[in-house]
Amino acid sequence: MEFEAVIGLEVHCQLKTQSKIFCNCSADFGAPPNTHTCPVCLGMPGVLPVLNKKVVDYALKLALSTNCTINKKNVFARKHYFYPDLPKGYQISQYELPIAEHGWIEIETPKGGKRRIGITRIHMEEDAGKLIHHDTRPISYVDLNRTGTPLLEIVSEPDIRTPEEAGEYLKRLRELVRYLGISDGNMEEGSLRCDANISLRPKGETKFGTKAELKNMNSFRHVQRALEYEIRRQTALLLDGKQVEQETRLWDEARGVTLPMRGKEEAHDYRYFPDPDLVPLEIDEAWIKEIKKTLPELPQEKRRRFVEEYGLGSDDAMVLTSSKELAEFFEATLKGFNEPKKVANWIMVELMKFLNQDGIEIHECRVTPTHMAELLGLIEKGTISGKMAKEVLEKVYKTGTSPGEIVEKEGLSQVSDEDTLHAVCQEVMDENPKEVEKYRAGKKKVIGFLVGQVMKKTKGKANPKRVNEILIELLG
Ligand code: ADP
Ligand code: MG
Ligand code: ZN
């Protein structure tokens, strides 16, 4: 029997606001433990939460960019559970009326097609603190700096069918929150956290099977590996005539397996009810309109435009729009050197080679669009060869010095002065009488050797095409 996977993702996205969601404590990470706290986020009795407007702005940005319907009236709810790093004993979240519902994100399938993954809901909520467990002794510490930092939870429909699609969906979502500037979208650092729900059903069946929920995956690769493992595990159970338990499982990256963590709670276990300390949030048309005006060109629109306006292939457009900064770099370079395909190639092949080696992003490197355009201009003018340009680019990358200055200082410009070139060619012919004879006897191939000798003598600074021409002339 063949099975099909049904996957739905719940993603928590930490927002890059300055202050927390219900108090004015800083939402920055990295401060000494428990220094970004106040009576509100410490859950002291008698305090009242005040909603941070920025969190709503950010939620609206994401909702509008994911084709969601916005609930003009939405409600905060208390979700009860006990954690040592949740001092109030409940988390303020949204339940029956979230800020946004019924959207979708478009993903590319491996075969080059497109598929819409439905978004069930987006809601706003606060984060809990952090427990830090002692390495060797049975002691845990609690740091409440993160308590009350703002999150968006984005719940997908069970529309995803393969681990690759899950990875693709996450990539599109991360790209989106980064373009919108609402989150770092960094999974390794926990600003994007993903729980994956997965069940299997026989191919052709329309009813869903029982799902397991996977937690503790902090990279795209982990999500994919965990889902692949889970498909194998559930397939084996079902083929054996057994049932999949509804439960929460943890991904153990070191062992490459998922392990049971706890039985799955039901919604009623949380005793959700509307938070009486917060009035329902009302969003009017004017607010939505104001947010719409701030939306940047989104990745998908940019991709389409790059293909149409610059004649790029869709794969290249995909790479160049993978971050807003990279797309801006590309377009800024075009201002100084207007040949899109050449610019695209130099950025994607040569510049990105260095970025990948160092694991940094385009805006973190020393090469500027002006440098890039200048470099391509130098090749175009014949001042340097393409091969030399690669070396120059490496120097620009390492030092931040402009290509022109490097060429000038290191005397790298091509020898294109005709007299010099003629003299060197003659010299090489004199030193290699046998090759000259062979050439004249019809073995035209030896010209390659002679060009090589000229290049050697000029330390690679001669224009090989011109050398070839001069040699033919002299040998003829
Ligand atoms: P729960 O109440 O258990 O958290 P939800 O209905 O809220 O379940 O769904 C949580 C996530 O699980 C959503 O992303 C949803 O798409 C996904 N999901 C729901 N049912 C299934 C299923 N049978 N198989 C796989 N994923 C599912
Ligand atoms: Mg859930
Ligand atoms: Zn606070």
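Order of listing sets the numbers, starting from 1, for every ligand and every atom in it. Sequence positions, counted from 1, serve as the residue numbers for this chain. Keep in mind that the numbers below use all heavy atoms, side chains included, and drop hydrogens, waters and symmetry copies.
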Check which protein N, O or S atoms are less than 2.8 Å from the Zn ion (ligand 3) and report how many there are. 4
Give yes or no for whether the N/O distance cutoff of 3.5 Å, strictly under, is met between [X] and ligand 1.
| X | value |
| --- | --- |
| K211 | yes |
| G209 | yes |
| P158 | yes |
| S199 | yes |

Of the backbone atoms (N, CA, C, O) and the side-chain heavy atoms from C-beta on, which set of [X] has a member under 4.0 Å from an atom of ligand 1: side chain, backbone, both, or neither?
| X | result |
| --- | --- |
| L9 | backbone |
| E213 | neither |
| V155 | side chain |

Side-chain donor-acceptor pair under 3.5 Å between [X] and [Y], yes or no?
| X | Y | answer |
| --- | --- | --- |
| E101 | T69 | no |
| W104 | E106 | no |
| R303 | T321 | yes |

Cation-pi between K88 and Y90: NZ/CZ under 6.0 Å from ring centre and within 45° of the ring axis? yes
Quick check on contacts: which atoms of ligand 1 are under 4.0 angstrom from a heavy atom of [X]?
| X | result |
| --- | --- |
| E157 | 16 (O) |
| S156 | 13 (C), 14 (O), 15 (C), 16 (O) |
| G8 | 14 (O), 16 (O), 17 (C), 26 (N) |

So NZ of K293 and CD1 of I291: to nearest 0.5 Å the spacing works out to 10.0 Å
With a 4.5 Å cut-off on side-chain heavy atoms, are D159 and Y169 touching? no
Can you establish whether the number of heavy atoms outside Q18 located under 6.0 Å from its atom CD is more than 12? no
Which of these, K215, K211, R249, sits in a salt bridge (charged side-chain N to carboxylate O under 4.0 Å, His left out) with E230? R249
Do F329 and H363 have ring centroids that are under 6.0 Å from one another? no
Could you walk me through whether F306 and F330 pass the ring-ring contact (aromatic ring centres under 6.0 Å, His included) check? CA-CA 10 Å; F306 276 21; F330 170 71; 5.2 Å; yes
Test ring-ring contact (aromatic ring centres under 6.0 Å, His included) on H80 and F273 and set out the steps. CA-CA 9 Å; H80 294 83; F273 63 77; 5.3 Å; yes
